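The next block holds one structure in the form of structure tokens; read it before the comments.
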Amino acid sequence: MKSALITAVAAFVLYLILTVGTGNILLWSSAEIIAGVFLSIVAGIFGRKLLFKNEDYRMLDPVRWLYFIAYLGPFLFAMAKANIDVAYRVITGRINPGIVKISPNLKTDFGITMLGNSITLTPGTLSVEIDEKTNDLYIHWINVKHKEPEIEEICNGFPKWIRRIAE
Amino acid sequence: MIDTVIYIFLAVGVFFNGLGSFGLIRFPDVYTRLHASTKCTTFGSIFTSLGVITYGFYHWHVDSASYGVLAIHAFIALLALVITNPTGAHAIARAAHRSGVYPKRAVVDKLKEKGDLSD
Amino acid sequence: MKKYVALAALLVVSGFFLLSAIEMHSFGSPAEEDMDRYFIENAQEETSTNNVVTSIVFDYRGFDTLGEATVLFTAVVGVSLLFRRLRK
Amino acid sequence: MIETFFIVAIFLLIFMIFGVIRIVLGPTAPDRVVGLDTINTLVIAVMIILGAAYDEVIYIDVAIVYALLSFVGTLYIAKYLEGDLE
Amino acid sequence: MIGNLPFVACAVLIILGLYTLIFKRNLIKIVIGLNLVQCGVNLFLITLGYKSDSIAPIYTMAGKEEMVLPTPQALTLTSIVIGLATTALILSFAILIYKHYKTADASKVRRLRG
Amino acid sequence: MIEEIIQIVVLLIIIVTAIMAVSFKDLLAAVISLAATSLLLSLEFYILQAPDVAIAEAGIGAALTTAIFILAIKGTVREEEI
Amino acid sequence: MMSKIVRTITNILYSSILIFGFYIIMHGHLTPGGGFQGGAVVASGIALVLIAYGYDTAKDWIKKSNLSILESIGGLAFIGVAFLGIGTTFFYNFLANSGTLFGNPTVIGINPGDLNTAGVLPLMSWAVGLKVLAGLGSIILLMAYGIKKGDEK
């Protein structure tokens, strides 16, 4: 019940963003709002088993969203660095690849997903496989320096941020 | 002034998109190609879309309200792109490793040493 | 032998296709039909719809959509019946 | 400004040819999927750019549909390559 | 400059599909050919209604400009969904034929029948 | 003028990928080429001012056609036996 | 069943795809879209859940019997709305510009915000949308079922 309600609210926010600029009640017309309420209730009923599958509501805390927005700064910086790194490697063709393993010790599904996607978008690393039980990540590293790397070397301090956001 | 900003965004985007596509030809195996294509094309598409979003917001201020809708819808498309693209890359890399394509010239392969991971 | 006959037939048909594609009316200037002009001019007032394509699909040519729905239903029933044999 | 958008679109289309070359050459199936994925991203970028170039807001909806759905096909091919499609 | 290249592209797509239908014997490949023919027909219908320097048939701005012809677009819309449904039906037949005869080759299936 | 260059490039890529879809012996590669064909066909509809058809082709061509073909290949064989 | 990253992204995207498909069906008479397109988008969402979780888990969440009921409702509603206009002709748009339900004239513009327009078109759009989403979704579920049964033999 609670999960259906929260899913419906999330869907309603997306619907409002899609139909912005149609009328006078703030930015929306009354017909759009009524239709949006109905449609998002339907979407909440059909999508309730997926969005909060583990009955885990810790992402509803607004402080975590503020941390998430603050996280975008270092993330975009690391992403720009990654692209310059890849540019260097495309032009010179100098690679030294390998697959290494790190243990970030993150518990939640959302946290490990965020870390995996952040790693994929940042310098020289690509998440290949995930151990379902221990949440260990296997990472393809384009320029292997050590065979048993520290977490800091690969993740740019992302796990600290993600622990604050998602745990 | 605002035109210059848009030109810079578009130029950066085109440069990184070209780099990603060129790396697709140049690199030797699947994983390094994924590095080039995923990172560079996502970054380049972010910048070209930012050009469009800046254009939309600027003309929203100047001309008419429909340009604001253009900017917002472009932002939603960009958000969906940023969420789905690394996930697709992860799925391809995992499938490639499981189907027996191993990285060429690899110094270390911890995943192969560990053997098959059961779900 | 049969293969060569098929190849000759394919060559003839493709020659016709390419010739008619080149001899078509030039790209970008279609022959105007009265029907299309009527739809474009009157669809907005008659059905109060901004999207002319939707008004044609669901209003002016609704029978096409009815046929489409029938075909879709038949396909679903066909797939369902085909795989029901496996249930056993 | 409009001309610039069209020129950017032409550049992105030319980069798409590299993806097609990878689909044609690619020795293994994962290489071809990488090419397809690159073409997906570039097509979405071209759609956003052309939507601004035509000055039509409604066209961006197509780009949203594509961005949401284009990786479903990639996932199917990836799962087939993993070998445990049920 | 572009000439009649779009019509030629439609013709090439349909010819490729016909070639596949006639000369290939794998069932899945035949369905791929059928799909190519369908792509060519859809592209032909859309190209037939295109008018240069005109907008999509949707009333968005106040001033009326020239619009492309809407009827071919409406026909194509139904054609796409029907194409997917028939493709699914044919592929289901292909799966069942493979299970029954242990081959996906159309000529071998014909030989095994008698 | 510029739009015509865009259309020429898109049509050429469509024809190349269609030829690839016919000529690959590996059916998985043929399906990947077919997916690329329908992807670019959707872009061509977009340029030809038909956004309705482009949305339909995007939803059906990008996701569902590929899915159905992959399921069918899984149900039969991957290689074309000739 | 695919990896944990893909499953989490599926959880996030599924409700977004649902609401976006409903948006496309709802605004079919104002912006590009309509029954076919929105139904195809929602069916793709069903395909996404099917691939991310596998057939055994997905069939508990998306019941084939519910889909067949939806398809019947869609088909019957389509024909029923068509019969309602039989006073003039089959498929007559008797609600347009009548001033009652769905009877307002449409203002020209990008998504003008008044959804109470266009006569029977929104009803038909919803009917066809339900039919297409149920039909395509059940086709893909049935094909996955057929593959699975074939492997066991």
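Fair warning: this is a prediction, and the values are worked out from it, not measured in the lab.
Using a 4.5 Å cut-off on side-chain heavy atoms (C-beta onward), D:Phe5 and B:Val52 make contact. B:Ile92 has its side chain within reach of D:Asp37: a pair of non-hydrogen atoms, C-beta onward, lies under 4.5 Å apart.
Separation of the B:Phe22 and D:Phe15 ring centroids does not fall under the 6.0 Å cut-off.
In terms of heavy atoms, D:Asp61 sits closest to B:His73 at OD1-ND1, 3.0 Å. The shortest heavy-atom contact between D:Pro30 and B:Ser99 is CG-OG, 4.4 Å. What you find for D:Ala52 and B:Leu70 is that their closest heavy atoms are CA-CD1, 4.3 Å. Closest approach of D:Ile64 to B:Ala77, counting heavy atoms only: CG1-CB, 3.9 Å.
Within the 4.5 angstrom heavy-atom criterion, only side-chain atoms of D:Thr74, from C-beta onward, approach chain B. Interface residue D:Leu75: only side-chain heavy atoms are found under 4.5 Å from chain B. At a 4.5 Å heavy-atom cutoff, B:Leu79 makes no contact with chain D through either its backbone or its side chain.
Atom CG of B:Asn85 and atom OG1 of D:Thr41 lie 4.0 Å apart (nearest 0.5 Å). The structure places CZ of B:Arg94 at 9.0 Å from NZ of D:Lys79, a figure rounded to the nearest 0.5 Å.
Annotation: maximal heavy-atom pairing with chain D below 4.5 Å, among B:Ala96, B:Gly13, B:Ala95, occurs at B:Ala95. Of the listed residues (B:Gly20, B:Gly51, B:Gly18, B:Ala74), the greatest number of heavy-atom pairs within a distance under 4.5 Å of chain D belongs to B:Gly18.
Within 6.0 Å of atom CZ in D:Phe11, 12 or fewer heavy atoms from other residues, nucleotides or ligands are found, so the atom counts as exposed in its surroundings. By the 6.0 Å contact criterion, CZ on B:Phe75 is open, its count of non-hydrogen atoms from other residues, nucleotides or ligands being 12 or less.
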Would B:Ser21 and D:Leu42 count as a side chain to side chain contact (heavy atoms under 4.5 Å, CB included) if you check the C-alpha gap in whole Å, the side-chain angles of each, and the deciding distance to 0.1 Å?
-> CA-CA 10 Å; B:Ser21 314; D:Leu42 289 177; 4.0 Å; yes
Please assess D:Ile49 against B:Leu10 for the test side chain to side chain contact (heavy atoms under 4.5 Å, CB included), listing each intermediate value before the final yes or no.
-> CA-CA 10 Å; D:Ile49 291 278; B:Leu10 290 180; 3.9 Å; yes
Please lay out, stage by stage, how D:Val34 and B:Leu24 fare under the test side chain to side chain contact (heavy atoms under 4.5 Å, CB included).
-> CA-CA 8 Å; D:Val34 175; B:Leu24 198 64; 3.5 Å; yes
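Between B:Leu81 and the options D:Asn40, D:Ile44, D:Ile48, a side chain to side chain contact (heavy atoms under 4.5 Å, CB included) holds for only D:Ile44.
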